[in-house]
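The shown structure was predicted, so the numbers you read here are calculated from the model rather than taken from an experiment. In what follows, chains are A, B, ... by sequence order, proteins preceding strands, each numbered from 1.
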There are 4 protein chains.
Amino acid sequence: MSDQDSIIEEFFEEEKDGLTDKQKKIIAAAIESFSEKGFAATSTSEIAKKAGVAEGTIFRHYKTKKDLLLSIVVPMMAKFIAPFVINDLNKVLNTRYENYEDFLRAMIENRVIFFKNNLALFKILFQEIPFHPELKKLFKEHLAEKVYERFTELIHYCQAEGQIIDLPPYSVVRLTASTIFGYIIGRYLLFPEEDWEDDLEIERTIQFIMHGLSPR
Amino acid sequence: MSDQDSIIEEFFEEEKDGLTDKQKKIIAAAIESFSEKGFAATSTSEIAKKAGVAEGTIFRHYKTKKDLLLSIVVPMMAKFIAPFVINDLNKVLNTRYENYEDFLRAMIENRVIFFKNNLALFKILFQEIPFHPELKKLFKEHLAEKVYERFTELIHYCQAEGQIIDLPPYSVVRLTASTIFGYIIGRYLLFPEEDWEDDLEIERTIQFIMHGLSPR
Amino acid sequence: MSDQDSIIEEFFEEEKDGLTDKQKKIIAAAIESFSEKGFAATSTSEIAKKAGVAEGTIFRHYKTKKDLLLSIVVPMMAKFIAPFVINDLNKVLNTRYENYEDFLRAMIENRVIFFKNNLALFKILFQEIPFHPELKKLFKEHLAEKVYERFTELIHYCQAEGQIIDLPPYSVVRLTASTIFGYIIGRYLLFPEEDWEDDLEIERTIQFIMHGLSPR
Amino acid sequence: MSDQDSIIEEFFEEEKDGLTDKQKKIIAAAIESFSEKGFAATSTSEIAKKAGVAEGTIFRHYKTKKDLLLSIVVPMMAKFIAPFVINDLNKVLNTRYENYEDFLRAMIENRVIFFKNNLALFKILFQEIPFHPELKKLFKEHLAEKVYERFTELIHYCQAEGQIIDLPPYSVVRLTASTIFGYIIGRYLLFPEEDWEDDLEIERTIQFIMHGLSPR
DNA sequence: AATGAATGAGGATTCATTCAT
DNA sequence: AATGAATGAATCCTCATTCAT
């Protein structure tokens, strides 16, 4: 399934823009450096060296250093959101999933793999969002609006079915999202080197959410 | 209660080093700039201007720009952790709180206010931790070890009492912490401008955790 | 009369080298940019964009940026000087003009139109001469020597006829040229947007010179 | 007389801003380089080297390279214009000079020396005016308005006295100025290395203007 | 002939830091 | 203690020019 690929490879394979070989190297080097040291602390000369190209080559493809950042971060936001908007949630609503629990399980599996494969990109995204208003805006528009909207529909449906407690959707979203992101962040960013029994932890996470949201 | 003060003021009042007036202004200016633009993207000249001091003055007090960062971030980590280590958790174990729910409530009230009063500092902390190994180490030692240890004791106690489900403590900590931080981040960082019914949301959050952790 | 054409068009039509279409566009773009921003401040990529050709194409035709400048400026110096050397002055000396005044009138009409049609080129020429010794040398050789020589002959003739005062020819040339160039510069470079009664001003200019040079 | 000093020295001595030693060296180096190679073709590193300061030092005193240009060119425009506005013309109108000829003689002596002492500055001024709209504007406001106005008064006076022909003042100004600038440019910029009998040439120039403007 | 990707030297400017006052 | 002028390395970016296609 294409969702499981790393975005970086998708960049290089799917994109019709036909990225040059050098462009691919630049992108890869930039992702590595940005995620390790942060955007502001990464110099273009460093990226050039790592990519094995001349510094000028970077600026032939990306007008500014910031353009390079955006060319990395913007498509990834789209990729992240795509399945919510197009596939999975539709499936849920189309009764492919009978209930919130199955949905959660499908989503976690799907998006967790996505995160895992794109860790560096996510680090960049979350590090830089606070400092770039355009990114913040994009993020809100995409995630807070498109994804949230779809989520809301699902929640209403599950609430109507009596599967989950009758809280305002935004609270349900917040509690669900917190728990899932908490897992991802702990698992892949904070303590990636610990031993994690992934299947077990995911199951615990799902049960925690389901019980937390169970009608009283 | 001193926990409710902003750390910045505590810096200035409690510290025995006896900060000069200029030093205070430098710290305040640095906090503002670092949290707005990030450490790497903030120049010392900018801080000097904002603080109303000469550029050289900063370096009289802090050998390097990074020293300035650490002088801000390190004490705040200590302050954040202090109550866990010294007061509240002890109180819990000393049976001042009868159960996990009361503890959660007390902790949220206590630490949420702390966050709220020190938002800028937290932004800096979380932004910079990934890029400074010393910070990461400090953070892990303090939080992951000291706080986690205390938490574990409490969890064992509550599990023994049958209040919460018998999961491994690290899972309980993870799920609890995710949910609480999720609230704080949503409330104060992502969507601070939305209308939040704080008491209600906090109650929902607590109930979510309690049900999520209830013994099956 | 071909003198009245713009040099640029002459470039394109008369030149035996047979300029390609692209070459014409490059020259036109270069003239525009050089005259607006100066040679040093104009980039070849800008010229390429304006000309609608690839950056490399410029260097296929002109080895260096400076070559491009020279290919513009050198032929124009020749064109400017040509009539002095070949046509008009000969005509004067061949008694087609009876006196200095008629000559002045003819020259102003002739060369003023030439200036007007080639303003951009003249701006480039006068801007760049001070910075390019080869240009300076060319200019002196052509103008200061060939034109000056012809002028001198005419002046001697007119002085012998008692039409103008008996100053050294270089003074006569200087005073005449200053006045005429003063008109052209004021008219077309400094204050082109003012209302000018051209015929009247030209007549005043001629009368000023004639009276200024009248034998006492 | 202070008008006869070079502006550069005045910069350094009279200015109350109290220029640093380094600043003086920067200005001197910039004037030399700008006048030799043009503003755009001069690099800040070159100026720094010539001035014997670090490149950063330039930017401590002048925010941009263009600022440096303006800090050179703007005060000189003021200096050039000052005597017209304040001293000499007033003197003329206050009957210190009886006629246009005496005025011309005084002005040429006065301003020619000024030019001679500030050749490099004038080269810069005239080279750069076409490319910097602010300069162009300043120039027009100062010269075209203030000086021109004063000139006009004088011309009206001399015309009323019957000393000069009854042309529109702008024509008189143009013809006078062309002739004088023509002398200066020829003398100091185009052919400075020729032998010039200065007194004689100036007298010829004055006589040319006076006869050129004599009432018919 | 024409392209445009690639280069790397050099551009203006900013930076953290030093030091004489 | 405090200043702010001075530094020069490093920043992002532009440039004229080359060369494989």
Distance-minimising heavy-atom pair for C/Ala120 and C/Ile31: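 What the structure gives for the nearest pair is CB-CG2, 3.7 Å.
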Closest non-hydrogen atom pair, A/Asp67 against A/Tyr62: CB-CB, 4.1 Å
Any side-chain heavy-atom pair from [X] and [Y] closer than 4.5 angstrom?
X	Y	value
A/Glu46	A/Lys37	yes
D/Thr42	D/Glu36	no
D/Leu68	D/Lys63	no
B/Val73	B/Leu138	no
D/Ile72	D/Leu69	no
C/Thr20	C/Lys24	no

With A/Thr44, the side chain to side chain donor-acceptor pair (under 3.5 Å) member among A/Lys65, A/Glu55, A/Lys49: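 Option passing the side chain to side chain donor-acceptor pair (under 3.5 Å) with A/Thr44: A/Glu55.
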Along DNA chain E (nearest heavy atom to each residue), the more 5'-positioned of A/Lys22 and D/Lys63: A/Lys22
Pair pattern of DNA chain F in dot-bracket, where unpaired bases get dots and | marks partners in another strand, Watson-Crick or G-U under 3.5 angstrom: .||||||||||||||||||||
Selection: residues 48-62 of chain A, any non-hydrogen atom under 4.0 Å of DNA chain F: A/Glu55, A/Gly56, A/Phe59
What donor-acceptor contacts under 3.5 angstrom involve side-chain atoms of residues 121-133 of chain A, with partners at least two apart or in another chain?
from	atom 1	to	atom 2	distance (Å)
A/Glu128	OE1	A/His132	NE2	3.1
A/Glu128	OE2	A/Phe39	N	3.1
A/His132	ND1	A/Lys66	NZ	3.1

For DNA chain E, the residues among residues 35-44 of chain C that have a non-hydrogen atom under 4.0 Å from it: none
Start and end of chain C contact along DNA chain F [non-hydrogen atoms, under 4.0 Å]: F/dC15 to F/dT18
Test item: D/Ser35 side-chain N/O and D/Glu32 main-chain N/O as donor-acceptor pair under 3.5 Å: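 Yes; judged by distance alone, with no hydrogens or angles, the pair exists.
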Under the side-chain contact (heavy atoms from CB on, under 4.5 Å) test, residues paired with B/Ala51 that sit two or more places apart: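 side-chain contact (heavy atoms from CB on, under 4.5 Å) check on B/Ala51 returns B/Lys25, B/Ile26, B/Ala29, B/Val53.
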